[in-house]
Amino acid sequence: MFYKSTRNSEVKISSAEAIVQGISADGGLFVPSEIPSISMDEIVSLGDMSYAERAAYIFKKFLTDFTDAELKYCTESAYNDKSFATANIAEISHLFDGTYVLELWHGPTCAFKDMALQILPYLLTTSLKKTGINKKVVILVATSGDTGKAALEGFADVEGTSIMVFYPQDGVSAMQKRQMATQEGKNVTVCALNGNFDDCQNGVKAVFTNEEIKQKLSNGGMMFSSANSINWGRLAPQIIYYISTYAELVKDGEINAGDKINVVVPTGNFGNILAAYYAKNMGMPVNKLICASNANNVLTDFINTGIYDRNRKFITTVSPSMDILISSNLERLLYIMCGENDAQIRDWFGKLASEGRYEVTDDVKAKLKADFAAGCCDDVQTKACIKEIYDKYSYTLDTHTAVAVKVYEDYKKATGDNTKTVIASTASPYKFSTAVLEAIEGSVGDMDEFDKVEKLHQVSGYDVPKSLAELKDKEIRFTGVIGRDEMKDFVLKSLSL
């Protein structure tokens, strides 16, 4: 298995090289040369394994240059009861008849990004040794809230690395901001940006591909890499939890081996649902991949029309991790769907950069319709869904998972599709206490963030995650805010270059 760039199919590198580089020099994203297969017998056999063992088994199909011992080291170091609050790593809650909530937020930062960012540091440091690269790796991260903290937690004080996280100043929840601002570690830097997530993401990509900056880093014995899902080492771990969940449902007798399921994913950057697409194409039986968006519904419009148009108002919502208008992982999907035509990808994403818009071919539109359904909802509908599920089932959704549940309810009404369905739950409700309490109680008054957490504990009955409770007494280390045009200078200054 080797990896090529979505913008240059002639690129041919190992998985270790792809993980270290993060993004191709041409601006493309690394993709495997083929999608490996997994048989139903293999999936069923995973049911008798631990999560770490399942991960190692699936990774072996993608990371073929890693030894069994290396994969075992990476997976067992990441997926254990020291890092996760549950031995199962990913829990499955049976919400209502034929509908399951895949809780991906039992890791140290209470968001689904932990599922990948607990293992990425091990994959990266192992890859560095395998490739013989003897440089300090500078991890650049743009975040809409959850990736930043999960990456900081994963890479804090990891030898041979430093990490810089940029987030939109007014585009994350109070709890997300506090998580990042109080991050411990000698090798971490956090900075807010006057702008939205797309500004952060575009800024990071611009720094990544700037030859002058890369040369200065090289002269200083450093190199860039990424912890965003543009890095294959971030995306590959997300494939695992979908296949693992299918194996678990078969083991528990909830479905029969070979039954198709629907998968609903709240997503902005498209990485989480793309991982489910890879799982499907490996051999996991999937009926429909349902893409759920908030009021920033660029993905809903794209899947339904084949036209991607970011020329629209950016809306700040109560589900901020999805407040994105440029979905970078869509490039990987379209590369596959257009027959790995790198010239076509360069054309579409060139138009996205210059005009903010592109339209795919009729063939790709048909493929999108075959695999995906899409829907969206606004903040009022999101909060109403939280209230409805709480009242009916005594289950407390966060604002992102509520978007997924609402979109799924709409899909089911429109189609009559009763296929058993897994809904990806991406964050603990405690990360968005204000919005969740407003949905359930109607008002939150003048409480501070930690009073809200305590009130939500009383309302939901859920234990407050230790990592969030401890934030109250942690020192705030990072308060800087920069303009969109200052990122380059900030990076160089932070690295003393």
Check: [Y] and [X] side chains under 4.5 Å, non-hydrogen atoms:
| X | Y | result |
| --- | --- | --- |
| Val263 | Leu102 | no |
| Val436 | Thr396 | yes |
| Cys191 | Phe478 | no |
| Thr143 | Met180 | yes |
| Asn262 | Val286 | no |
| Val137 | Met223 | yes |
| Ser127 | Phe66 | yes |
| Val265 | Leu289 | no |

- [ ] Please step through side-chain contact (heavy atoms from CB on, under 4.5 Å) for the pair Leu117 and Thr109, ending with a clear verdict.
- [x] CA-CA 10 Å; Leu117 283 163; Thr109 76; over 6 Å; no
Distance from [X] atom [atom1] to [Y] atom [atom2], nearest 0.5 Å?
| X | Y | atom1 | atom2 | answer |
| --- | --- | --- | --- | --- |
| Gln183 | Leu471 | CD | CG | 9.5 Å |
| Ile345 | Thr6 | CD1 | OG1 | 6.5 Å |
| Leu104 | Tyr241 | CG | OH | 5.0 Å |
| His400 | Ser425 | NE2 | OG | 10.5 Å |
| Asn329 | Thr267 | CG | OG1 | 8.0 Å |
| Ile324 | Phe314 | CD1 | CZ | 8.0 Å |

Open item on the list: Looking at every non-hydrogen atom in both residues, tell me the closest pair between Leu120 and Ser226 and how far apart they are.
Closed with: CD2-O, 4.1 Å
Task: Considering all heavy atoms, the nearest Met1-Phe62 contact - done: CG-O, 3.5 Å
TODO: Begin from the C-alpha positions of Leu124 and Val20 and carry the test side-chain contact (heavy atoms from CB on, under 4.5 Å) through to its verdict.
DONE: CA-CA 6 Å; Leu124 179 60; Val20 170; 4.1 Å; yes
Salt bridge (charged side-chain N to carboxylate O under 4.0 Å, His left out) partners for [X], two or more places apart:
| X | answer |
| --- | --- |
| Glu103 | none |
| Lys149 | Glu153 |
| Lys130 | Glu70 |
| Lys72 | none |

Task: Results of side-chain hydrogen bond (donor to acceptor under 3.5 Å, both in side chains) for Arg54 - residues two or more places apart only - done: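 In terms of side-chain hydrogen bond (donor to acceptor under 3.5 Å, both in side chains), with neighbours along the sequence ignored, Arg54 is linked to Ser244, Glu248.
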- [ ] List for me each residue that meets side-chain hydrogen bond (donor to acceptor under 3.5 Å, both in side chains) alongside Asp379, sequence neighbours excluded, and say none if there are none.
- [x] none
When you measure from the side chain of [X] to the backbone N and O of [Y], does any donor-acceptor pair fall under 3.5 Å?
| X | Y | answer |
| --- | --- | --- |
| Ser293 | Val298 | no |
| Asn80 | Ser77 | yes |
| Arg310 | Leu352 | yes |
| Ser93 | Val101 | no |
| Tyr390 | Val459 | yes |
| Glu331 | Ser328 | no |
| Asn231 | Ala227 | no |

Task: Criterion side-chain contact (heavy atoms from CB on, under 4.5 Å) on Asp146 and Thr426, from CA distance to verdict - done: CA-CA 9 Å; Asp146 287 333; Thr426 55; 5.7 Å; no
Open item on the list: Around atom NZ of Lys214, are there more than 12 heavy atoms from other residues, nucleotides or ligands closer than 6.0 Å?
Closed with: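 Yes - once you tally the heavy atoms of other residues, nucleotides and ligands closer than 6.0 Å, there are more than 12.
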Open item on the list: Suppose the criterion is ring pair (Phe, Tyr, Trp, His ring centres under 6.0 Å): which pairs have a residue in residues 138-166, not counting sequence neighbours?
Closed with: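 Passing the test, one end in residues 138-166: Phe166-Phe490.
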Open item on the list: Listing request: all ring pair (Phe, Tyr, Trp, His ring centres under 6.0 Å) pairs with a residue in residues 268-301, at least two apart in sequence or in separate chains.
Closed with: Trp232-Tyr278, Phe270-Phe372, Tyr277-Phe372
TODO: Only pairs at least two apart or in different chains count here, so list each side chain to side chain donor-acceptor pair (under 3.5 Å) that has a residue in residues 467-478.
DONE: Lys466-Glu470
Open item on the list: Tell me which pairs pass side chain to side chain donor-acceptor pair (under 3.5 Å) where either residue lies in residues 185-196, with sequence neighbours left out.
Closed with: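 Every pair satisfying side chain to side chain donor-acceptor pair (under 3.5 Å) with a residue in residues 185-196: Thr161-Asn187.
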- [ ] Please assess Ile315 against Asp323 for the test side-chain contact (heavy atoms from CB on, under 4.5 Å), listing each intermediate value before the final yes or no.
- [x] CA-CA 7 Å; Ile315 301 169; Asp323 290 348; over 6 Å; no
TODO: Report the residues that fulfil ring-ring contact (aromatic ring centres under 6.0 Å, His included) with Phe302, sequence neighbours left out, ordered by chain and then residue number.
DONE: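 Result, ring-ring contact (aromatic ring centres under 6.0 Å, His included) vs Phe302: Tyr308.
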Open item on the list: Among residues at least two apart in sequence or on other chains, which ones pass ring-ring contact (aromatic ring centres under 6.0 Å, His included) with Tyr246?
Closed with: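 With sequence neighbours excluded, Tyr246 shows a ring-ring contact (aromatic ring centres under 6.0 Å, His included) to no residue whatsoever.
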- [ ] Walk me through it: do Asn228 and Gln201 pass the test side-chain hydrogen bond (donor to acceptor under 3.5 Å, both in side chains)?
- [x] CA-CA 9 Å; Asn228 283 92; Gln201 182 167 250; 5.3 Å; no
Task: Pair Asp463-Tyr430, side-chain donor/acceptor within less than 3.5 Å - done: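 There is no such pair (donor and acceptor under 3.5 Å, judged by atom type) between the side chains of Asp463 and Tyr430.
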Open item on the list: Quick one about Gln176 and Ser321 (side-chain donor to acceptor, distance below 3.5 Å, no hydrogens or angles considered), yes or no?
Closed with: yes
- [ ] Determine the interplanar angle of the Tyr462 and Tyr395 rings, folded into 0 to 90°, and report it as parallel if under 30°, tilted if 30 to 60°, perpendicular if over 60°.
- [x]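 Perpendicular: the ring planes of Tyr462 and Tyr395 meet at over 60°.
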Open item on the list: Please verify the inter-ring angle class for Tyr79 with Tyr51; under 30° counts as parallel, over 60° as perpendicular, anything in between as tilted.
Closed with: perpendicular
Task: Worked check of side-chain hydrogen bond (donor to acceptor under 3.5 Å, both in side chains) between Asn297 and Arg312 - done: CA-CA 10 Å; Asn297 60 351; Arg312 61 184 70 203; 2.9 Å; yes
Open item on the list: Check Lys455 with Asp451, please: is the shortest side-chain N to carboxylate O separation under 4.0 Å?
Closed with: no
Open item on the list: Please determine whether salt bridge (Lys or Arg N to Asp or Glu O under 4.0 Å) holds for the pair Arg7 and Asp26, giving the CA-CA distance in whole Å, both sets of side-chain angles, and the decisive distance to 0.1 Å.
Closed with: CA-CA 7 Å; Arg7 301 190 189 183; Asp26 50 48; 5.7 Å; no
- [ ] Quick one: do Thr126 and Tyr73 satisfy side-chain hydrogen bond (donor to acceptor under 3.5 Å, both in side chains)? Show the steps, please.
- [x] CA-CA 9 Å; Thr126 301; Tyr73 160 72; 5.6 Å; no
